[in-house]
Amino acid sequence: MVCGVGLSLDERVRSAVAALLHVAGESQTDLAAVLGVSQAQVSRRESGVAVWSLADCEAVAAYYGIMAHDLLAGPTRAAEALPAERRRVPGRNVPGARPAIVDGGA
C-alpha cells in the first residue's frame, strides 16, 4: 500500500477510499449506493475531479467500521483499521468473476 506521507489531504482520502474498496472487494457502485450518490459521483471524487466532503468522509468511515481519522491518515492506515469481517476473503465468489481453471480444466 502507498504510505500517506507527502500526499495532500485530498490525495490521502482518495487513496484511502480506493484502498478500502480494494481490500473489502467492493466497487464504486457499492459505495455509491451506501452514500446515496451515483457511481459517477464516486468516480469523480476518486479521480480528484471532485472532492470528498467531511460528511462523505464520516459516512465512508462509518460504513467501513473505521474512525474518520484513520481514513484521513491515508490508505495504509485505513486498510489496517478495516475490521477483519469487512475484508475480502480470498476465493470468495465475486459477481461476474470467472472461476479459475484447475488442473488444466480436465
Side-chain angles (χ1 to χ4, degrees):
M1 298 251 148
V2 175
C3 179
V5 177
L7 298 176
S8 71
L9 181 58
D10 287 341
E11 291 168 326
R12 284 195 310 265
V13 171
R14 287 195 314 264
S15 296
V17 171
L20 289 168
L21 287 170
H22 176 75
V23 173
E26 296 179 345
S27 68
Q28 291 178 347
T29 303
D30 297 325
L31 184 56
V34 170
L35 296 176
V37 300
S38 70
Q39 177 276 326
Q41 289 173 302
V42 171
S43 177
R44 284 193 292 275
R45 290 172 185 154
E46 262 198 86
S47 67
V49 172
V51 298
W52 291 97
S53 70
L54 287 177
D56 292 334
C57 291
E58 287 180 327
V60 169
Y63 173 65
Y64 284 109
I66 66 173
M67 301 298 294
H69 67 268
D70 291 324
L71 179 71
L72 298 175
T76 301
R77 178 106 168 251
E80 289 172 350
L82 187 66
E85 63 272 10
R86 293 301 313 270
R87 296 176 182 275
R88 172 180 38 180
V89 177
R92 178 177 74 183
N93 290 335
V94 177
R98 296 178 57 192
I101 296 175
V102 179
D103 294 330

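Residues: numbered from 1 along the sequence shown. None of the values given here were measured: they were computed from a predicted structure.
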About how many Å separate CZ of Arg14 and OG of Ser8, when rounded to the nearest 0.5 Å? 6.0 Å

Is there a chain of hydrophobic side chains (I, L, V, M, F, W, Y, each step under 4.5 Å between heavy atoms) that links Val37 to Trp52? yes

Any chain of hydrophobic side-chain contacts (each under 4.5 Å) joining Val51 to Val42? no

I need the minimum non-hydrogen distance between Ala32 and Gln39, along with the two atoms involved. CB-N, 3.6 Å

Before giving the answer on side-chain contact (heavy atoms from CB on, under 4.5 Å), spell out for Leu35 and Gln41 the whole-Å C-alpha distance, their side-chain angles and the decisive distance to 0.1 Å. CA-CA 10 Å; Leu35 296 176; Gln41 289 173 302; over 6 Å; no

Report yes or no: do Leu82 and Leu21 belong to one cluster of Ile/Leu/Val/Met/Phe/Trp/Tyr joined by side chain heavy-atom distances under 4.5 Å? yes

How long is the straight-line distance from CG of Asp70 back to OH of Tyr64, given to the nearest 0.5 Å? 14.5 Å

Arg12 side chain to Leu72 main-chain N or O, any donor-acceptor pair under 3.5 Å? yes

Out of curiosity, Leu31 CG to Arg45 CZ, how far, rounded to the nearest 0.5 Å? 9.0 Å

Side-chain (Arg86) to main-chain (Tyr63) donor-acceptor, under 3.5 angstrom: yes

CG (Leu20) and CD1 (Ile66) are apart, to the nearest 0.5 Å, by 5.0 Å

Val23, Leu71: one ILVMFWY side-chain cluster at the under-4.5 Å cut-off? yes

Please name the pair of heavy atoms, one in Leu7 and one in Ser15, separated by the smallest distance, quoted to 0.1 Å. CD1-OG, 4.3 Å

Donor-acceptor pair, distance only, cut-off 3.5 Å: does the side chain of Arg87 make one with the backbone of Ala79? yes

Working note: Val34 + Asp30, criterion side-chain contact (heavy atoms from CB on, under 4.5 Å); need CA distance, chi angles, decisive distance, verdict. CA-CA 7 Å; Val34 170; Asp30 297 325; over 6 Å; no

